[in-house]
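Here, residue 1 is the first one in the sequence, and each next residue gets the next number. All heavy atoms count here, side chains included; hydrogens, waters and symmetry mates do not.
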Amino acid sequence: MSDLDVQLPDGSVRSVPDGSTALDLARSIGARLAKDALAVQINGHLTDLVTTLHAGDRVAIVTANSEDGREILRHSTAHVLAQAVTRLWPGAHYAIGPAIRDGFYYDFDLPGGAHFSDDDLESIEGVMRQIIAEDQAFIRAEYSVEEGRTLFLDQPFKVEIIDAVAAGAQGEDLGELAGPSVVSTYSNGEDFRDLCRGPHVPSTSRLGHFKLMRVAGAYWRGDEKRPQLQRIYGTAWESASALTAHLEQLAQAELRDHRRLGQELDLFSFPSEIGPGLAVFHPKGGTIRRVMEEYSRKRHEVSGYEFVYSPHITKAELFETSGHLDWFADGMYPPMELDEGQQYYLKPMNCPFHLLIFKARQRSYRELPLRMFEFGSVYRYEKSGVVHGLTRVRGMTQDDAHIFCTRDQMAEELATLLQFVLDLLRDFGLNDFYLELSTRPEGKAVGSDEEWSEAEAILERVAHDAGLELVTDVGGGAFYGPKISVQARDAIGRTHQMSTLQLDFQEPKRFDATYVAKDNTRTNPIMIHRALFGSVERFMAILIEHYAGNMPTWLNPEQVRVLGVRDDHDDYAHSVASALRSVGVRVQVEEASEPLGARIRRAKLEKIPYILVVGDDDVAKGTVGVNARGTNDPDRAVSLDDFRARLVSEIDAHGSPEDH
């Protein structure tokens, strides 16, 4: 038998016998790799280890401790979940069960209108572990559309997927099939077959480090007019230690949940009278927000931005010109008809308004770069089941900047802008970053291939020059241009998309926005879109969870609370508060109407950075007792002047009591 050559990820070439599978290749490299292998990537396409190799293939073995490997583990575990449910509830209909970030889910319709309870999860897990112990092989097969309909005759959701894709539907439905005319299935054991494109792990014995998390409701295909199904969420990992670490992170995340802390600390609420995803900020939350915005405004002013303002609604024609009604209509509120049928929309974006400001008069190249900045409120329709605290809302305020520059200026402007973004995020206490480059979305982009290639190349060069890790989000760009996203890791290791920098050659053309160049020609500027916080609401939620509600002193709504030991110390407590207010400190006095211990406990629950207790000696000597957040050892008899100087220094440095 002759040999054939394949190329490995490091560029080396390896010879294997003709007819070899990917698993054979892994065995030829080493027993450990063969043991760890889950699937294979051949010429950029993920497939099963039993796939036969061909000469010239570019081959990468996929192991469990990779992103692709974890996704395959999770998808395979979702199949085992569905298999377990059909064993426990014969006649159950199963819909879709994809891998998601850190886990998986599967949707079901149980016979006789039965419903899962959280108590059922333990029973389901037990059957799943039996299936895993049975070491069932995942076996792929392909059928015609008609054969597929027959195979899944008793599974209406699967038949609907087959019919939709066969009729030419696009989107996530295609993820269940190998193509519009090929029905691909995976079976394991004698009792379960699923519609699936794959790939999967070789057998169920490769699974096991999983946990079912919760039961939820979900409409079929996310459509409120379709049947409501029951969804089981789970998580799966490559090792017991990785699963344990994830569960510990989830426990920490629950303790830090901004929705709970927002209620406990009286920061914000979502009154049912207003509607889902529309927050009101209480005085304490309003203070945090005001301080955030004021600091951002100051930094933007120093960096040469000019402040603009725009209305909340506009005629439909504005978003027709921008393209948002073509590409973003699903995320917009429906129009209001006024003025004899004129349609007005709540704005989902600020950028078209800034373009109108740019073209309100003739511009010269001497004015560029022109940096516009606005805290602009925008409105985006999210389904009620999707809204989530402050992180997914229907009404939000974006710290939106749009920079107009020449083609020659854009690389330097992007580099300066990225550094500005990173510096400001660090000022708020986020320090662990990587960058993500989102490229042209196929079938949903405007502009020439040359323009997109140029824009992507410039963004990639700027990102590399920043010295941070860079990953590629293929197809994740906006319809008008690619973007760099700053991804920040919080205190418990979760990743959040923060600031975005989008390079746009298209919108200025659509609006016929021009400037007079050096050669007196009218030229379209390059437009850079930049949201630094993303939205004020979401950024606040991230900070609350990052700090577990213990906001740094400069951001905390109440920085100091002063408590007299007895009511005859209240006058001195008020004088201490006045001395602190004189240097801009946010301070309150709680008079001695309750026992001191109860007042101290309440102040600690409110996570106030400093509790000052004053008694007889303090009144006589001009001192205070300092209870700093995070310590159980108060400092006694601290000079008021010394404490005030220390506090001002901490606020200026954006520090916290925990830093000392």
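The shortest distance between side-chain heavy atoms of L425 and S499 falls below 4.5 Å. Within the 4.5 Å cutoff, the side chain of P227 has no heavy atoms near those of the H93 side chain. Between H79 and C196, the closest side-chain pair of non-hydrogen atoms falls below 4.5 Å. Proximity of L390 to I542: side-chain heavy atoms (C-beta onward) are nowhere separated by under 4.5 Å. At least one side-chain heavy atom of L73 sits under 4.5 Å from a side-chain heavy atom of E238. Here the side chains of F268 and V280 are not in contact, with every heavy-atom distance at 4.5 Å or above. Counting heavy atoms from C-beta on, the side chains of I274 and P271 come closer than 4.5 Å. At least one side-chain heavy atom of F152 sits less than 4.5 Å from a side-chain heavy atom of L195.
Minimum heavy-atom separation, A240 to H209: N-ND1, 3.4 Å. Minimum interatomic distance between G376 and K347 (heavy atoms only, all atoms of both residues): CA-NZ, 4.4 Å. Among all heavy-atom pairs drawn from Q41 and V62, the shortest one is N-CG2, 4.0 Å. Between I161 and R221, the shortest heavy-atom contact is CG1-NH2, 3.6 Å. When all heavy atoms are compared, the tightest approach of W452 to P441 is CH2-CD, 3.6 Å.
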Can you check side chain to side chain contact (heavy atoms under 4.5 Å, CB included) on H258 and T391, steps first, answer last?
CA-CA 9 Å; H258 75 278; T391 60; 3.7 Å; yes

Let's go through E71 and R74 carefully: what are the C-alpha distance in whole Å and the side-chain angles of both, what is the deciding distance for salt bridge (Lys or Arg N to Asp or Glu O under 4.0 Å) to 0.1 Å, and is it a yes or a no?
CA-CA 5 Å; E71 183 170 348; R74 290 161 185 164; over 6 Å; no

Apply salt bridge (Lys or Arg N to Asp or Glu O under 4.0 Å) to E545 and R538, showing your working.
CA-CA 11 Å; E545 296 190 356; R538 181 172 174 273; over 6 Å; no

Output, in order, the C-alpha distance, side-chain angles, deciding distance and verdict of salt bridge (Lys or Arg N to Asp or Glu O under 4.0 Å) for E382 and R394.
CA-CA 6 Å; E382 300 277 8; R394 290 178 170 177; over 6 Å; no

Take R530 and D400 through the test salt bridge (Lys or Arg N to Asp or Glu O under 4.0 Å) and record every step on the way to the result.
CA-CA 6 Å; R530 190 235 65 195; D400 230 354; over 6 Å; no

Start with the C-alpha gap between Y434 and T495, add the side-chain angles, then the distance that decides, and say whether side chain to side chain contact (heavy atoms under 4.5 Å, CB included) holds.
CA-CA 9 Å; Y434 69 93; T495 298; 3.4 Å; yes

Hey, mind stepping through W89 and F116 against ring-ring contact (aromatic ring centres under 6.0 Å, His included) and telling me if it holds?
CA-CA 10 Å; W89 285 269; F116 295 121; 5.1 Å; yes

Assess whether side-chain hydrogen bond (donor to acceptor under 3.5 Å, both in side chains) is satisfied between S485 and T500, documenting all intermediate values.
CA-CA 4 Å; S485 301; T500 57; 5.8 Å; no

Starting from the C-alpha separation in whole Å, work towards a yes-or-no answer on side chain to side chain contact (heavy atoms under 4.5 Å, CB included) for I124 and L88.
CA-CA 8 Å; I124 298 169; L88 289 167; 3.8 Å; yes

Between F108 and Y106, is a ring-ring contact (aromatic ring centres under 6.0 Å, His included) present by the stated rule, with each step listed?
CA-CA 7 Å; F108 301 95; Y106 219 116; 5.2 Å; yes

Worked check of side chain to side chain contact (heavy atoms under 4.5 Å, CB included) between Q155 and V159:
CA-CA 6 Å; Q155 292 294 332; V159 172; 5.7 Å; no

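Taking a cutoff of 4.0 Å between a charged side-chain nitrogen and a carboxylate oxygen, D118 and R214 do not qualify as a salt bridge. Residues E142 and R140 are paired through a salt bridge, judged by an N-O separation under 4.0 Å between the basic side chain and the carboxylate. With respect to R259 and D257, a salt bridge is recorded, a charged nitrogen being found less than 4.0 Å from a carboxylate O. Using a cut-off of 4.0 Å between Lys/Arg side-chain N and Asp/Glu carboxylate O, E67 and R70 are scored as salt-bridged. Between K483 and E436 there is no salt bridge, since no side-chain N of the basic residue sits under 4.0 Å from a carboxylate O of the acidic one. Note on R489 versus E469: salt bridge recorded, some NZ/NE/NH1/NH2 to OD/OE distance being below 4.0 Å. Comment: R226 engages E160 in a salt bridge, judged by a side-chain N to carboxylate O separation of less than 4.0 angstrom. One finds no salt bridge joining R256 and D490 here, because no Lys/Arg side-chain nitrogen approaches an Asp/Glu carboxylate oxygen to under 4.0 Å.
Note that CD of Q136 is 6.0 Å distant from CD1 of I131, once rounded to the nearest 0.5 Å. Residue S203 holds its OG atom at 10.5 Å from CG of L49, rounded to the nearest 0.5 Å. The CZ atom of R87 sits 14.5 Å away from atom OG of S123, with the distance rounded to the nearest 0.5 Å. Distance check: Q130 CD to I132 CD1 gives 10.5 Å after rounding to the nearest 0.5 Å. Once rounded to the nearest 0.5 Å, the distance linking OH of Y345 with OH of Y333 reads 14.0 Å. Between the CG atom of L430 and the CG atom of L543 there is a distance of 6.0 Å, given to the nearest 0.5 Å.
Of the N and O atoms on the side chains of T21 and T52, not one donor lies less than 3.5 Å from an acceptor on the other residue. For the residue pair T63/N65, the side-chain donor-acceptor check at 3.5 Å is satisfied. Side-chain contact, S76 with R206: no donor N or O sits under 3.5 Å from an acceptor N or O. Side-chain contact annotation: D102 with T235, donor-acceptor N/O pair under 3.5 Å absent. Side-chain atoms of Y186 and D48 include a donor-acceptor pair closer than 3.5 Å. Between the side chains of H45 and T47, not a single donor N or O lies within less than 3.5 Å of an accepting N or O. Checked by atom type, the side-chain pair Q83/N188 shows a donor-acceptor distance below 3.5 Å. Between the side chains of S269 and H282, at least one donor N or O sits under 3.5 Å from an acceptor N or O.
Centroid-to-centroid, the aromatic rings of F210 and W237 stay 6.0 Å apart or farther. Ring-centre distance between F192 and Y94: below the 6.0 Å cut-off. Taking the six-membered ring wherever Trp is involved, the centroid distance between the rings of Y105 and Y233 falls below 6.0 Å.
Ring geometry, H200 versus H75: the interplanar angle falls from 30° to 60°, so the pair is classed tilted. Ring geometry, F428 versus F539: the interplanar angle exceeds 60°, so the pair is classed perpendicular (tilted spans 30 to 60°).
Using modelled atom types, no side-chain atom of T77 and backbone atom of A236 make a donor-acceptor pair closer than 3.5 Å. Panel note: side chain H546, backbone A491; a donor-acceptor pair is recorded below 3.5 Å.
More than 12 non-hydrogen atoms from other residues, nucleotides or ligands lie less than 6.0 angstrom from CD of Q497.
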